[in-house]
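What follows is a set of notes on a single structure, which appears directly below.
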Amino acid sequence: MHSKTTPLSIEGQSWNEYTLKNDNGMSVSFLDFGGIITSIVTPDKDGNFENVVLGFDDYKDYLNNSNYFGALIGRVSGRIANSTFSLNGKEYQLPENEGKHHLHGGPDGLHSITWQVELVETATSTGAVLYHTSLDGDAGYPGTIKYKISYTLTNDNAFTIDYEAFSDQDTILSLTNHSYFNLTGNLKETVLNHEVKLDASQFIELDQELIPTGRLLPVTDTVFDFTNGRKLADGVDSGDPQNKVASDGYDHFFVFDHKAEENVVVTEPTSGRKLTVKTNQPAMVLYTGNSVDDSCTLKERQSEKYLGVCLETQSTPASLNYPGFPSIELAKNEVYRHTTTFTFSTLS
Ligand code: G6D
């Protein structure tokens, strides 16, 4: 187990890249800027260690990261319709950064701040704690938030993100990480041949602007039924209106049933890689990179549509407008706790 720190100078800004490495040779690298995960290196079935996430080749591109590659997301992941919400009878106006809507915490969200990082080694893990304080009114949100986010890698090839946050006022908060996974290794091909299994029997319907309509749809007898495993390619030309709305793919909030051992299992047949996800969150956005075009120069190659799949565990801002959805409210002095573990293995 060990870690290293690499100082960087990016467009005059001083960043650091941290690399956590376990005894099996698996590594996770990330920046203090945006908490951005720049690479995760894992073995395939033949022991070839390759990168399994999308990341820029030139790190200055993270300053204009409209795909949010690898980034921490907040204060609120997803879309807040019309960039407004009310809390305790008060109306709040947030910056509009996708049409009239507020996406992923706005232009100055957590993806764009530089975190204070402390490396942490234990007998069984190597990791880091990322700290930040966001002041009352930051990006239009109420409450001063103290964040403490931990990245931890163990010798089980498990990478855990623990999010803790604390507010001095009632507010809203829903954090996630926006890594794009690609288990082929070094981005050999798109993720359309990945098989995904989800412990989820419902998902939220989206309108043409990708805003939740308030309806929970059953997955039964649709290409949204991942309960027994399904290729992501099924969502490309299904003709299902909900795939069409998402630019011929998935970009949807699946509500976990929390009945299965694992919430998510992703496998890739050629490499034999397997990724399982366990989380305490009520749901997850499954996003197949439908808006990724060929304009990004990544470490291994140019980007393209469907090159990565995002597994964004979270609650939903739809709860601001519809009853019955997992809430994103955080009461004054309540501690926000979100933990998600990504475990990498190979098919036996
Ligand atoms: C697109 O609709 C998708 C979002 O879900 C994603 O997070 C973003 O691109 C990066 O807006």
Side-chain angles (χ1 to χ4, degrees), residues 34-38 53-56 61-83 94-112 139 161 174-182 190-192 196 198 200 203-213 224 232 235-236 240-255 264 277 281 283-296 298 303-320 325-326 328 338 340:
I36 290 170
I37 294 171
T38 53
V53 291
L54 273 59
F56 282 115
D61 292 337
Y62 284 118
L63 289 165
N64 185 23
N65 187 11
S66 59
N67 291 297
Y68 300 86
F69 290 134
L72 288 171
I73 303 292
R75 290 194 186 188
V76 171
S77 311
R79 290 173 174 81
I80 294 180
N82 305 308
S83 303
L94 302 174
E96 301 171 358
N97 64 325
E98 191 188 63
K100 63 187 178 184
H101 305 305
H102 177 85
L103 173 67
H104 289 343
D108 302 319
L110 296 185
H111 64 283
S112 68
I161 306 180
S174 176
L175 309 178
T176 197
N177 179 272
H178 210 292
S179 291
Y180 291 66
F181 297 96
N182 182 320
T190 72
V191 297
L192 294 180
V196 173
L198 296 182
F203 69 102
I204 296 181
E205 181 185 57
L206 299 175
D207 70 15
Q208 292 298 326
E209 295 181 334
L210 299 174
I211 298 293
T213 64
F224 286 77
L232 290 175
V236 172
D240 187 307
Q242 283 296 300
N243 288 132
K244 299 304 289 177
V245 154
S247 305
D248 297 318
Y250 298 97
D251 193 357
H252 292 79
F253 184 90
F254 287 82
V255 182
V264 186
V277 179
Q281 292 302 287
M284 180 189 84
V285 168
L286 176 72
Y287 172 53
T288 45
N290 320 321
S291 301
V292 178
D293 60 21
D294 62 1
S295 65
C296 301
L298 307 177
S303 58
E304 68 171 301
K305 190 170 184 177
Y306 308 125
L307 194 56
V309 56
C310 299
L311 310 170
E312 305 162 49
T313 53
Q314 61 191 263
S315 271
T316 175
S319 60
L320 295 169
F325 285 162
I328 61 170
H338 166 176
T340 295

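For ligands, and for the atoms within them, numbers begin at 1 and follow the listed sequence. What you see is a predicted model; the values in this text were computed from it and never measured.
- Considering only non-hydrogen protein atoms, atom 3 (C) of ligand 1 sits nearest to Asp251 OD2, 3.0 Å.
- Val245 pairs in a side chain to side chain contact (heavy atoms under 4.5 Å, CB included) with only one of the listed residues (Asp207, Asp251, Leu206), which is Leu206.
- In summary, the aromatic rings of Phe69 and Tyr62 are positioned with their centroids too far apart to meet the 6.0 Å limit.
- Ranking the protein heavy atoms by distance from atom 11 (O) of ligand 1 puts Arg79 NH2, 2.8 Å first.
- Every atom of ligand 1 is numbered from 1 in the order shown, and the set under 4.0 Å from a heavy atom of Leu210 is 2 (O).
- Residue contact annotation: Phe253 has no non-hydrogen atom under 4.0 Å from ligand 1.
- Interface of Tyr68 with ligand 1, defined as ligand atoms under 4.0 Å from a residue heavy atom, comprises 10 (C).
- Looking only at distances, no side-chain donor or acceptor of His101 sits under 3.5 Å from a matching main-chain atom of Ile211.
- Near Glu98, meaning under 4.0 Å from one of its heavy atoms, ligand 1 places the atoms 11 (O).
- With a 4.0 Å heavy-atom cut-off, ligand 1 is reached by the side chain of Tyr180 but not by its N, CA, C or O.
- With a heavy-atom cut-off of 4.0 Å, Val285 does not touch ligand 1 at all.
- The N/O atoms of His104, backbone and side chain alike, include one that comes under 3.5 Å of an N/O atom in ligand 1.
- Comparing His178, Glu312, His101 by heavy-atom distance to atom 8 (C) of ligand 1, the nearest is His178.
- Formation of a donor-acceptor pair under 3.5 Å by the Asn290 side chain with backbone atoms of Tyr250 is found in this model.
- The heavy-atom pair separating Glu96 from Ser83 by the smallest distance is CG-OG, 3.2 Å.
- Below 30°, between 30° and 60°, or above 60°: for Phe224 and Phe203 the angle between ring planes is below 30°, a parallel geometry.
- The closest donor-acceptor contact from the side chain of Tyr180 to the backbone of Asn67 lies under 3.5 Å.
- Scanning the protein heavy atoms around atom 9 (O) of ligand 1, the nearest turns out to be Tyr287 OH, 3.5 Å.
- A salt bridge is defined here as a Lys NZ or Arg NE, NH1 or NH2 lying under 4.0 Å from an Asp or Glu carboxylate O, and Lys244 with Asp240 fails to meet this definition.
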